[in-house]
Amino acid sequence: MALHALDAIDDALTATRRFRPRGLFEWVWVTVVAALVATPGISIPTGGTGGGGVTPEQRSALKEALPATLPEWVPLVVAALGVVWLGFVVLGALLEFPFLRWLRDGKRTTIEEIAAHWRQALGLAAFRVALSLVGFAALGALVATATGPTPTPTDYLFALSEYGIVLALVGIPTSIVAAFTTAFVVPTMVLTERGVLGGWRRFWSTLTAAPKQFLAYAVGVALLATVGGILVSIAAVVGFLAAAIVGGLVGLAVAATAVGVSGVVVALAVGILGAILVGAVVYAVLQVFLRYYALLVLGAVDADLDFLSDRRSTLDGADAEAAAPSE
């Protein structure tokens with residue numbers, strides 16, 4: 001039995017190259033949207049260093065350096081960050097549908113797609129929030145068992161360090177569910193006009209009918225996402241160095257005007273901006289590739305859920321043309 005997860009890699013690369021953004025505005029649109037929507041990649045847990053290597057003397061030093069109680073403003077900051085995070089979750093869920101539309105036919109119909117799928121998007125956002133809360137609950141339970149009845153900030157820090165590997169392993173199931181929701185359930189929602197739970201019920205029959213295919217996909221996408229993340233980091237470093245060189249030349253000119261601005265500051269600012277821009281663009285390309293990869297696997301396993309039927313035929317035609325002998 002052929003593994004579609006292997007066969008789809010070349011087609012996903014071809015689709016990413018052939019259907020890439022055209023023009024500056026489309027590149028900006030895809031880059032921004034790709035940064036906001038969820039990723040179908042599965043993270044490979046690396047755990048942590050563990051707290052066993054911390055000596056009693058180091059623990060005592062940390063307890064003396066850190067306050068015994070959290071400042072009163074910390075809960076307010078956490079609550080504000082929670083609200084911001086919730087806003088990004090909702091925005092990302094809304095943008096899933098325009099992004100899928102662009103992947104399928106290259107049309108940037110942002111407002112139209114949001115208006116057509118906002119109920120599904122809100123359900124998707126609620127599902128993602130609930131899934132995250134499961135992870136936070138597991139984290140809280142583990143930390144609570146490792147700290148006493150009156151824990152200090154240092155106790156929380158040591159608990160997180162001590163259970164780093166365990167926490168990473170706990171996050172695997174929720175990470176897989178979140179990734180499969182993004183990769184397979186969201187397009188199923190669009191094709192079948194269902195909510196997220198209905199989409200999962202429909203996709204579940206496909207998943208259980210071909211578990212080996214999706215197991216191979218999970219392994220493949222985890223490796224591809226890891227390699228892609230490394231490439232994004234390398235690109236960001238290259239972008240930083242290139243922009244920093246340009247910024248350094250600009251900084252020398254600025255410093256020469258005696259306006260009180262250091263050339264190093266200008267170089268660092270321009271370099272950071274370059275790293276962000278280059279990293280964001282490469283990350284967008286990675287997102288496009290991973291989405292095409294997931295959609296191609298889904299359509300190969302279940303023809304009724306083939307979201308890219310038109311583009312798949314184009315890719316198949318290109319493969320057949322490439323394989324044909326030349327006269």
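Values reported hereafter were calculated over all heavy atoms of this structure, with side chains retained and with hydrogens, waters and symmetry mates removed.
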Donor-acceptor contact below 3.5 Å, side chain [X] vs main chain [Y]:
X	Y	answer
Arg311	Leu308	no
Arg194	Met189	no
Gln120	Val196	no
Glu96	Ala38	yes
Arg108	Phe99	no
Arg312	Asp306	no

> Step by step, would you call Asp310 with Asp105 a side chain to side chain contact (heavy atoms under 4.5 Å, CB included)?
Replying inline: CA-CA 9 Å; Asp310 293 338; Asp105 54 29; over 6 Å; no
> Going through the distances and angles, do Arg128 and Thr182 end up as a side-chain hydrogen bond (donor to acceptor under 3.5 Å, both in side chains)?
Replying inline: CA-CA 10 Å; Arg128 287 173 171 170; Thr182 300; 3.1 Å; yes
So, for [X] and [Y], which heavy atoms are closest and what is the spacing to 0.1 Å?
X	Y	value
Arg22	Arg17	NH2-O, 4.4 Å
Val30	Pro21	CG2-CG, 3.8 Å
Gly41	Ala179	O-CB, 3.8 Å
Gly199	Thr188	O-CG2, 3.7 Å
Ala12	Leu296	N-CD1, 3.5 Å
Val297	Ala8	CG2-CB, 3.7 Å

> When the ring planes of Phe289 and Tyr293 are compared, do they come out parallel, tilted or perpendicular, using 30° and 60° as the limits?
Replying inline: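 Rings of Phe289 and Tyr293: parallel, as their planes differ by under 30°.
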>> If you apply the rule side chain to side chain contact (heavy atoms under 4.5 Å, CB included), what do you find for Phe97 with Val190, and how did you get there?
In response: CA-CA 8 Å; Phe97 301 93; Val190 177; 3.5 Å; yes
Side chains of [X] and [Y] in contact at under 4.5 Å (non-hydrogen atoms):
X	Y	answer
Phe180	Ser175	no
Phe127	Leu122	no
Thr39	Arg291	no
Arg20	Val288	no
Leu3	Gln213	yes
Pro187	Leu305	no
Leu295	Leu100	yes

According to a hydrophobic-cluster definition based on side-chain heavy atoms being under 4.5 Å apart (Ile, Leu, Val, Met, Phe, Trp, Tyr only), do [X] and [Y] belong together?
X	Y	result
Leu277	Val232	no
Val33	Leu36	yes
Val227	Tyr217	no
Leu223	Val285	no
Leu241	Leu231	no

>> Between Asp302 and Arg202, does the salt bridge (charged side-chain N to carboxylate O under 4.0 Å, His left out) criterion hold? Intermediate values first, please.
In response: CA-CA 11 Å; Asp302 190 340; Arg202 172 60 182 86; 3.0 Å; yes
Atom pair [atom1] ([X]) and [atom2] ([Y]), whose distance is rounded to the nearest 0.5 Å:
X	Y	atom1	atom2	value
Leu86	Leu81	CG	CG	12.5 Å
His4	Lys212	NE2	NZ	13.0 Å
Thr31	Gln287	OG1	CD	11.0 Å
Asp304	Leu298	CG	CG	10.5 Å
Asp7	Asp11	CG	CG	8.0 Å
Thr181	Leu124	OG1	CG	7.5 Å

> Any chance CH2 of Trp85 has more than 12 other-residue heavy atoms, nucleotides or ligands included, within less than 6.0 Å?
Replying inline: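 Enclosed: over 12 neighbouring heavy atoms sit under 6.0 Å from CH2 of Trp85.
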>> So for atom CG, which belongs to Leu76, do other residues, nucleotides or ligands contribute more than 12 heavy atoms lying within a distance under 6.0 Å?
In response: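 Enclosed.
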>> Before you tell me yes or no, could you show the steps for Ser205 and Arg201 under side-chain hydrogen bond (donor to acceptor under 3.5 Å, both in side chains), namely the whole-Å CA-CA distance, both residues' side-chain angles and the distance that decides it to 0.1 Å?
In response: CA-CA 7 Å; Ser205 62; Arg201 283 192 293 269; over 6 Å; no
>> Is there a side chain to side chain contact (heavy atoms under 4.5 Å, CB included) between Leu286 and Val282? Walk through the geometry before answering.
In response: CA-CA 6 Å; Leu286 173 64; Val282 177; 5.7 Å; no
>> Aromatic contact between Phe214 and Phe203, with the criterion being ring centroids under 6.0 Å apart: yes or no?
In response: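 Yes, ring centres under 6.0 Å apart.
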>> Is it the case that the ring center of Phe184 lies less than 6.0 angstrom away from the ring center of Phe307?
In response: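 No, ring centres 6.0 Å or more apart.
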> Can you check side chain to side chain contact (heavy atoms under 4.5 Å, CB included) on Glu26 and Trp102, steps first, answer last?
Replying inline: CA-CA 10 Å; Glu26 190 169 37; Trp102 179 82; 2.7 Å; yes
> Could you go step by step and tell me if Thr110 and Trp29 meet the side-chain hydrogen bond (donor to acceptor under 3.5 Å, both in side chains) rule?
Replying inline: CA-CA 10 Å; Thr110 308; Trp29 186 89; 2.9 Å; yes
